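Below is one structure, written out as structure tokens; the observations come after it.
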Amino acid sequence: MSDLAIRNLFIIPTIVFLIVFNIFPLLYSLGYSFTDFRASTNAPANFVGLDNYRTLLSDPFIWRNFTITAKYVIVSVTGQVIVGFGVAMLLNREIPFKGLLTTLLLLPMMLSMAVVGLFWKMLYDPNFGVINYALGLGKFEWLADPDMALYAIAIADIWMWSPFVMLLSLAGLSAVPKHLYEAAAIDRASGLYTFFRITLPLVAPILMIAIIFRTMEAFKTFDLAYILASQPTTEVISIRLYKMAFQEWQTGMSCALAYIVLIMVLAITNIYIKYLNKVKER
Amino acid sequence: MAHIELRGVTKTFGAARALSDLSLDIADGQFFVLLGETGAGKTTTLRLIAGLEKPTEGRVFIDGQDVTGWGAAERDVALVLQQYSLYPRYTVRQNLEFPLKSPIRPSSPAEIAARVARVAKTLRIEHLLDRKTDRLSGGEMQRVSIGRAIVRTPKVFLMDEPLSALDAKLREALRAELKDLQMNLGETFLFVTHDQVEAMSMGDRIGVLNKGVLVQVGTPHEIYTNPINTFVARAVGSPAMNLMPGAVERGQAVAGSLRLPLEGAESGRPLIFGIRPEDLELGGEGAPARVVDVENHGVEKIVTLQVGAQALRATVPVTLRVVAGDAVGLGWNPGKVVLFDQATGRSLRHGG
């Protein structure tokens, strides 16, 4: 196939698709974020300058949503890294049926978010849920308890996405040359010393990439939280955004909020990437 | 300082047998070289002594103590591998400090600094101390990995082809340095190589391994002049020993169309005559031979000769004028001829 044919067949459709579905809405919503447009009425949009941003950033309820989101991100990503990396450490050795075991462990990640949400709703159910039965908690209301609900959602998220961290960690761990461990054994390094001095520094960059992906995703989390609980304490920023846009029909305002979220995610990612480069250099 | 002993060691990996009933004795302070081809079991032997592998059968002793069940860390050995095994992302200094900072037996910061400085000086890597290991050349990396081995004083130094990834010049230089180092430290070294020149030039004693069996152990001189069988005769020396199947008839060695004087050997028995290239003589009276090829090596010439169907190689002084195509008379030094039994390949001197 000629270069021209490749361009016409693959590259141009991709670019058109990107422009129509990504770039155009992005710019269009940026425009809306400076107006008082409401998609539910026919009233024309009035330019209001930075008013939407000012209102949002001084709204204590929005900050509450951000705080909830931050708490969720920290709990969920930390959990995924601990569980995922731990399981990867366990799998990183010669064991029978390793391939099969790894594939099975990856299953949660391949399920639909909505399905996982429904699964866990049943698992958490105070009347017939398996979790209460297994832990002997009686009729504990996981998802109705305002303090517990957010953690319950995070646990479901950890269950679903630890395999992702595990997969990347496993790739990183198996890339550590075996002779380094042998050299360390000869140098009489203890297991813990070897882990912190050899394993962790060598796996850190790829683990960092896993953390970046998971943080971005957790920050934007919507499906799980929406399906599992509807508490004020579980209203992460995406849910607030959804309600603002499609229940309250504050289109202009919600566009501004979307931009604030976008800038925050970009900022966090940037910090990570700077750190990643530092880790790589070392 | 330690004495190493392997007693009846067999090691199998699944169905593959890496070592069969290997017994080996390495005296305290000795530079012992294990020589063998790829897959002969050299590295396995070394890893068994290091404690990275456990023998399937047999026992390993260090200083008379049975260490068969011990792990690598407890055995107190140092290991230098072909692939350097430097810890990535660390500087040379951090690499050298690593064995000293191990929590099993930590040293004081002052002692660590003193030891690292001394090793860096010995190996002439002082200017590299603060460099990252991935910014080093092959020779520098190998020096650092040797440094990491000698920075603490282990009982035994084990080296697995540490020089084979280096270029020829550097290899020669490091060969001499390693030998010096061993003499200065007075420690037990076990050095594994497939390079017979390394083995001959460095070893106090050489062990020749073939397919997991220790064929011969001796000083380089013994191995060279008195190989136990045709395998060792071929493995050691460059060019290798000339081996000619034939028999003795009336005080003459007869191999194909070649007839040369040989006294005192049993007549009629099928033999293999072994003669080193430097013990062949060209010119004068002797068996008629034709020169096929002449390689000039500066200090000597290696001449390939055709005698009947036999190809022989002789080393002669560069001053000898000889060109391909010449017809020459071939003689030998009968006292240097090694006789091997044709059926078993064993040297008659070793009771074959």
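Predicted model, so just to flag it, every value in this text is computed and none were measured. Letters go in sequence order (proteins before strands), and every chain restarts at 1.
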Heavy atoms, side chains only, cut-off 4.5 Å: are [X] and [Y] in contact?
X: B:Pro88; Y: A:Ile198; value: no
X: A:Leu202; Y: B:Tyr87; value: no
X: B:Glu74; Y: A:Arg188; value: no

Please look at [X] and chain A and tell me whether the side chain, the backbone, both or neither of the residue comes under 4.5 angstrom of a heavy atom of that chain.
X: B:Ala78; answer: backbone
X: B:Leu81; answer: side chain
X: B:Arg47; answer: side chain
X: B:Leu158; answer: neither

Identify the two heavy atoms, one from B:Ser85 and one from A:His179, that lie closest to each other, and give their separation to 0.1 Å. OG-ND1, 2.6 Å
Can you tell me if [X] has over 12 outside heavy atoms packed within less than 6.0 Å of its [atom1]?
X: A:Tyr259; atom1: OH; answer: yes
X: B:Phe13; atom1: CZ; answer: yes
X: B:Glu37; atom1: CD; answer: no
X: A:Tyr181; atom1: OH; answer: yes
X: A:Phe119; atom1: CZ; answer: no
X: A:Asp3; atom1: CG; answer: no

Nearest 0.5 Å please: distance from the CZ atom of B:Arg89 over to the CZ atom of A:Arg197. 14.0 Å
Supply the atom-to-atom distance B:Arg148 CZ to A:Ile186 CD1, rounded to the nearest 0.5 angstrom. 10.0 Å
